[in-house]
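The figures that follow rest on heavy atoms only: side chains count, while hydrogens, waters and symmetry mates do not.
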Amino acid sequence: MARLIPRAIPRPTGLRARLVITFTLVAVTASLLVATIGYELAKTALITRTETTSLELVTRELTSIDFPIGKLRPGEAAPTSRELTRVAHALSGPGRSALIEYGTVVASEGPMSMSDVPNELHGRAKQSVVTQRKIIDNELYLIVGAEVYRDGASGPEATGLRAFVFFPMHDDVRQLEALRTTLAWTGLVIVLIALVVALLSARQVLLPVRRLSAAAQALGQGRLDTRLPVHGQDELAGLTARFNDAAAALELSVSELRSLEAMSRRFVADVSHELRTPLTAMTAVADMLSDEAEHLPEAPAQAVRLVLREVERLRELVEHLIEISRFDAGTATLNLEPVNVADSIQDCLAVRAWTDKVTVTASQGLTANLDPSRFDVIVANLVGNALKHGLPPVVVSARATENGLEVKVRDHGKGIPREALPHVFDRFFKAGAGRARSQGSGLGLAIARANVQLHGGTISVRPQSPGTLFTVWLPHI
């Protein structure tokens with residue numbers, strides 16, 4: 001049998017809700033406590049007053065009544081029922097009843113009988129004037145009992161005259177009910193007032209908190225000059241002041257970082273541009289040496305070929321640094337025009353003499369609105385990476401999708417280690433220790449991603465069996 005797991009009761013998480021609930025609970029608790037204490041005090045005072053008044057009344061009446069004392073002494077004739085009824089009538093009054101008991105003779109004035117007298121009160125009445133409350137016919141009565149006379153006999157043979165007076169307490173009950181109703185309404189009003197005060201207090205407390213939240217959001221969005229006015233001397237004012245100090249320190253730090261970043265970018269751009277002039281001369285000299293390398297001895301020929309390779313790497317690195325500096329400076333722009341995708345890919349491969357090394361699958365009628373030079377850079381970097389680090393066959397495919405152009409480049413080599421896949425588009429990243437000195441600048445894939453993102457597209461990589469697959473998606477523009 002499946003065991004039922006009780007569902008957890010959701011707890012209020014908002015500060016406003018918690019403040020209002022706390023205020024309300026405190027108000028309800030205080031109202032209940034005050035109402036209960038007030039009601040009990042009023043009840044005790046009212047009952048004490050009624051008992052005191054009743055006792056004084058009965059005592060006064062007992063002292064003023066002419067009892068048939070002579071007939072109560074031993075040897076005398078017992079008082080008649082009529083005489084006892086006269087005494088009961090003297091003790092009764094408006095709204096109250098009386099009973100007189102003498103031995104087995106009972107006289108009453110009113111609807112009460114001896115069965116309505118509690119046994120405990122009947123026993124205590126032999127000692128003094130006593131009282132006890134009892135509900136009779138769904139109505140509360142205060143019963144005052146007193147022994148008026150006792151003969152000289154002792155034990156069970158002793159005979160006494162006892163009087164019991166019944167005072168209805170319906171007026172006291174009505175007063176207590178009215179007091180209870182008044183206290184209930186008063187408590188409800190207090191709770192409503194506490195609820196209103198809680199809402200106003202929560203608003204007053206949460207207003208600075210909401211301002212701090214909005215200011216923190218503004219800081220997160222880059223508005224580092226955001227500041228808040230400081231009002232008062234309380235904890236929230238101190239928190240606001242600390243926020244302003246932190247915002248000022250953050251603005252200063254970010255400004256310094258931006259200055260350093262701008263200086264770094266400018267330095268890279270300046271160095272790259274300055275390297276172009278000597279690099280052009282080195283390239284011209286290298287071309288002359290390349291023509292003469294075949295006529296040189298083996299050792300000088302190898303040195304010339306090494307210089308040629310390093311000059312080529314340096315030229316590629318400088319070009320990539322210049323391109324990256326444009327993206328960093330935000331000066332890279334798109335020059336869009338309708339492009340035949342298949343022809344553009346073939347031209348890219350032909351310029352670099354890769355036509356016979358790469359298989360292209362693309363429809364001749366496939367066109368897209370692209371920046372042709374940047375699309376050329378994307379394809380060249382992906383294909384060049386596949387040729388350098390993968391194995392043939394290298395396949396380039398292009399097709400139109402529902403909302404853009406999809407280009408895939410796949411090689412069939414060992415593939416990129418899985419732990420290196422998240423970093424392949426990072427600058428200067430080269431997968432594997434053996435590629436630290438491999439041909440390439442380590443910026444090609446980063447430049448490809450920057451050009452794809454400039455088009456508003458995406459680029460991804462995933463392993464294949466065998467090889468690696470790069471997928472570029474460019475939206476319709």
Non-neighbouring partners of [X] that pass side chain to side chain donor-acceptor pair (under 3.5 Å), sequence neighbours left out:
X: Glu419; value: none
X: Glu406; value: Arg399
X: His476; value: none

Output the distance between atom [atom1] ([X]) and atom [atom2] ([Y]), rounded to the nearest 0.5 Å.
X: Leu142; Y: Thr53; atom1: CG; atom2: OG1; result: 10.0 Å
X: His89; Y: Ser108; atom1: NE2; atom2: OG; result: 13.0 Å
X: Arg223; Y: Glu251; atom1: CZ; atom2: CD; result: 13.0 Å
X: Ile37; Y: Leu32; atom1: CD1; atom2: CG; result: 11.0 Å
X: Ile345; Y: Ser397; atom1: CD1; atom2: OG; result: 8.0 Å

Heavy atoms from other residues, nucleotides or ligands near [atom1] of [X] exceed 12 (cutoff 6.0 Å):
X: Arg418; atom1: CZ; result: no
X: Lys134; atom1: NZ; result: yes
X: Asn403; atom1: CG; result: yes
X: Arg210; atom1: CZ; result: yes

Using side-chain heavy atoms (C-beta onward) and a distance below 4.5 Å, is [X] in contact with [Y]?
X: Arg242; Y: Asp245; answer: yes
X: Leu405; Y: Leu366; answer: yes
X: Leu91; Y: Glu109; answer: no
X: Arg133; Y: Pro118; answer: no
X: Phe167; Y: Leu57; answer: yes
X: Met114; Y: Phe164; answer: yes
X: Val407; Y: Phe375; answer: yes
X: Thr468; Y: Pro463; answer: no

Is there a donor-acceptor pair closer than 3.5 Å between any side-chain N or O of Asp376 and the backbone N or O of Pro372?
-> no
Asp116 side chain vs Ser113 backbone, donor-acceptor pair below 3.5 Å | yes
Which side-chain N or O atoms in residues 179-193 pair as donor and acceptor under 3.5 Å with protein atoms at least two apart or in another chain?
unit_1 : atom_1 : unit_2 : atom_2 : d
Arg180 : NH1    : Tyr39  : OH     : 2.6
Thr181 : OG1    : Glu177 : O      : 2.9
Thr182 : OG1    : Ala178 : O      : 2.8
Thr186 : OG1    : Thr182 : O      : 2.6

In chain order, what residues pass the side-chain contact (heavy atoms from CB on, under 4.5 Å) check against Asn244, with sequence neighbours excluded?
-> Arg227, Leu228, Val230, Thr240
Intermediate values then yes/no, side-chain contact (heavy atoms from CB on, under 4.5 Å), Leu84 and Leu161 | CA-CA 9 Å; Leu84 294 180; Leu161 187 146; 3.9 Å; yes
Of all the heavy-atom pairs spanning Leu224 and Leu219, show the shortest one and how long it is.
-> CA-CD2, 3.7 Å
Could you check Leu140, Leu46, Leu176, Ile135 and say which one makes a side-chain contact (heavy atoms from CB on, under 4.5 Å) with Met169?
-> Leu140
Got a list of side-chain donor-acceptor pairs under 3.5 Å for residues 449-462, not counting sequence neighbours?
unit_1 : atom_1 : unit_2 : atom_2 : d
Arg449 : NH2    : Phe425 : O      : 3.3
Asn451 : OD1    : Arg374 : NH1    : 2.9
Asn451 : ND2    : Ile447 : O      : 2.8
His455 : ND1    : Asn451 : O      : 2.9
His455 : NE2    : Asp371 : N      : 3.2

